[in-house]
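Input: a single structure, listed below in structure tokens.
Worth saying up front: this structure is predicted, and the values here are computed from it rather than measured.
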Amino acid sequence: MKKIRVFLITGIICFSVMANASAQIFKGRNNTNTYDVNEQNSNYKSAHKISTAVSKSLNAFNSDYRNDRDVKWFSEKNVRTATFTRDSVVTNVVYDKKGRWLHTIKTYQENKLDRSVRALVKSNYFDDNISGVKEINEGRDTFYLIYLENDKNYKIVSVINGELNVYQQFNKQS
């Protein structure tokens, strides 16, 4: 079960990174319902389908994140991602093509980490520095990937339901 969850988390992160890297930007002012439709694809039905899907994603986003501005939207074939930064936390909110929320990934530093999660990590890795955190919310579950560093290596540990596991470890070269 642990391996399945870790595999799922990895897949979500990889998918989100790829979606952001090769995406098309929604153009709009403060989340308006406009979309840059390719000139080649000027077919009304296609444009209407895109517009409807975009509208659903925007409505879902605006109901959860009303006060966020400077949101950048990216689109892939089956997902749409809203990205914004607030209080030094980078948030990626991913929706399916029908506008339904899939997951949220927040990236931040140690000082923003939940105290109980931080205490769990620090009690097991007291000599390591926390260099970054990814918090993944999917459904009712919250997972954490904690990036640790010490003199000899780098580690990524996962925290799932209060359980701590080493996900990856890399030795530093001397």
Nearest heavy-atom approach of Gln109 to Ser131 is OE1-O, 3.1 Å
**OP:** Take atom NZ of Lys152 as the centre, draw a 6.0 Å sphere, and report whether it contains more than 12 heavy atoms from other residues, nucleotides or ligands.
**Re:** no
Minimal heavy-atom distance between Asn137 and Trp101, with the atoms involved, is O-CZ2, 3.3 Å
Counting only heavy atoms not in Asp151, do more than 12 fall under 6.0 Å of its CG? no
Distance col, row Tyr95:OH vs Trp73:CH2, nearest 0.5 angstrom, shows 5.5 Å
Evaluate the side-chain proximity of Leu148 to Ile156: yes if any heavy-atom separation is below 4.5 Å, no if none is. no
To the nearest 0.5 Å, atom OG1 of Thr107 lies from atom NZ of Lys134 at 3.0 Å
The salt bridge (Lys or Arg N to Asp or Glu O under 4.0 Å) partners of Arg100 (sequence neighbours excluded) come to Asp96
Side-chain heavy-atom pair Val121, Arg118 within 4.5 angstrom cut-off:
no
Exactly one candidate in Ile160, Leu164, Val159 meets side-chain contact (heavy atoms from CB on, under 4.5 Å) with Tyr144; the answer is Val159
In this structure, CG of Leu102 is separated from CG of Asn78 (nearest 0.5 Å) by 10.0 Å
One should read off an interatomic distance between Glu135 CD and Leu145 CG, to the nearest 0.5 angstrom, of 11.0 Å
### Message
If you apply the rule side-chain contact (heavy atoms from CB on, under 4.5 Å), what do you find for Phe74 with Thr83, and how did you get there?
### Response
CA-CA 8 Å; Phe74 302 95; Thr83 301; 3.7 Å; yes
Margin query: Pair Asp87, Lys112 - check side-chain contact (heavy atoms from CB on, under 4.5 Å), show working.
Written below: CA-CA 9 Å; Asp87 298 330; Lys112 304 280 185 184; 3.9 Å; yes
Problem - Student check: side-chain heavy atoms of His103 and Val93 closer than 4.5 Å - result: no
Thr104 vs Thr91 side-chain heavy atoms within contact, under 4.5 Å = yes
Rounded to the nearest 0.5 Å, the CD atom of Glu110 sits from the CG atom of Asn129 at a distance of 7.5 Å
- request: Say whether Asn92 and Thr81, considering side chains only, have a donor N or O and an acceptor N or O under 3.5 Å apart.
  value: no
- Hey, are the side chains of Leu113 and Ile130 touching, using non-hydrogen atoms and a 4.5 Å cut-off? yes
Those residues at least two apart in sequence (or on a different chain) that pass side-chain contact (heavy atoms from CB on, under 4.5 Å) with Asn153 are Asn150, Lys155, Gln169, Asn171
*asked:* Same cluster or not: Val90 versus Val79, using hydrophobic residues (I, L, V, M, F, W, Y) connected whenever any side-chain heavy atoms lie under 4.5 Å apart?
replied: no
Applying salt bridge (Lys or Arg N to Asp or Glu O under 4.0 Å) to Lys106 and not counting sequence neighbours gives none
Rounded to the nearest 0.5 angstrom, the CG-OH distance for Asp128 and Tyr154 is 12.0 Å
> Within a strict 4.5 Å, meaning less than it, do heavy atoms of the Thr142 and Ile136 side chains meet?
Replying inline: no
